[in-house]
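Here is the structure we will look at, set down as structure tokens.
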Amino acid sequence: MAASIHTRGLSKAYRSGKTTTAALRGVSLGVAPGEFAALIGPDGAGKTTLIKILCGMIPFDGGTVEILGVSLPGGASAIKHRIGYLSQRFALYGNLTVEENVRYFARVFGVADYGARMRRLLDAVDLARFSDRLAKNLSGGMKQKLGVVCGLIHSPEILFLDEPTTGVDPVSRRDLFDVVEEMVGAGLTVFMATAYMDEAERAARIIMCHDGRVIADGTAATLAVESGCTAYDVISADPERVLGAFDSVAGVRCANAVGSAVHLVTDAAISESDLRSRLGGFDARIARPRLTMEDLFVGRVARETT
Ligand code: ADP
């Protein structure tokens, strides 16, 4: 089966006056139909630029892009009705009610018989009871949930989510992911950009980007194995001293004080006894927590940049 999303050597720079900012520097990736892929990276990594290009919203400079087997930029209008898009701040009509907004988007996409789907989607995100509320009176989380409903009303084959939960409360976040995951179960392809590393773990596939490049791509499990990293927590009465002991030490990719613990991400070759000898007899307890997605990301970036 053809990939839902396919790019090769995709590049994009923004030009304004004499300034050129490279946003994407040769991005190659493929997402299969029905996959839930998360694109993670810090602010400025190029996530929004990539999603806008994949949706046919902005031009690119080099490389190739195919969405649902259609080449961009030429096929942008052909994919418009086959994809859904939700940005950080979805453009709803404040003076229309929840239900009127959904009806509006259904009409824009030319969907005739949407009543049952609208009710099911509104119910799934717990918005059915607010059907008559004006969109401008919704909380931030409710607005994003309504955005997802509007983005799904035309039964797209791919849903693009650009940092959909920025500023969204935990309950709305859960509602939002419930409906997205239900749709993935029914065959929808989802491509979600997020700066929240923990959120990415919901996706079966994780694509890490940094400075306009894809730096790692796989499942949480394969990324953990390939990272060659180990995490340690060094707990003591003097975390500042511990932090100092691991400053600029070869094999220590990152060190952060969190309360009484210093959280380390190290090369897998660094053992607990290596850490002890570095501490030089200073009293500390050493624990080995599970590698988080954030550990994997910072560990990978540290490997890139050293
Ligand atoms: P992210 O979504 O990961 O935060 P962006 O795609 O928004 O990253 O930005 C990638 C890079 O491109 C950043 O350096 C950003 O400043 C720059 N950039 C984004 N949009 C524009 C624009 N319209 N004009 C100029 N530079 C831009």
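In each ligand, atom 1 is the first atom listed, and ligand 1 is the first ligand listed. Start at 1 with the first residue, then count along the sequence.
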Is [Y] paired with [X] through a side-chain N to carboxylate O contact shorter than 4.0 Å?
X	Y	value
E294	R300	no
E181	R174	no
D162	K47	no
D61	K12	no
D267	R253	yes

Ignoring hydrogens and geometry beyond distance, is a side-chain donor-acceptor pair present between H263 and N256 at under 3.5 Å?
no
Just by distance, with hydrogens left out, do T165 and E199 show a side-chain donor and acceptor under 3.5 Å apart?
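Their side chains do contain a donor-acceptor pair, which is all the 3.5 Å distance test asks for.
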I'd like to know if G41 contacts ligand 1, where contact means a heavy-atom distance under 4.0 Å to any ligand atom.
no
If you count the atoms of ligand 1 from 1 in the order shown, which ones are under 4.0 Å from a heavy atom of [X]?
X	value
A45	1 (P), 3 (O), 8 (O)
D43	4 (O)
K47	1 (P), 2 (O), 3 (O), 4 (O), 6 (O), 8 (O)
P42	3 (O)
A23	10 (C), 11 (C), 12 (O)

Using a 4.0 Å heavy-atom cut-off, say whether T48 meets ligand 1 through its side chain, its backbone, both or neither.
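It is both parts that get close, each with some atom under 4.0 Å.
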With R173 as the cation and Y196 as the aromatic partner, state whether NZ or CZ is under 6.0 Å from the six-membered ring centre and within 45° of the axis.
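Checked: cation-pi criterion met.
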Residue and atom name of the nearest protein heavy atom (relative to [atom]), distance in Å to one decimal:
atom	result
atom 14 (O) of ligand 1	T21 CG2, 3.6 Å
atom 25 (C) of ligand 1	Y14 CB, 3.3 Å
atom 8 (O) of ligand 1	G46 N, 3.1 Å
atom 6 (O) of ligand 1	T49 OG1, 2.5 Å
atom 10 (C) of ligand 1	G44 O, 3.5 Å

Please work out which of the three classes, parallel, tilted or perpendicular, describes the rings of F105 and Y93, given edges at 30° and 60°.
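Tilted.
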Does the protein put a heavy atom less than 4.0 Å from atom 21 (C) of ligand 1?
yes
Closer than 4.0 Å: a protein non-hydrogen atom to atom 16 (O) of ligand 1:
no
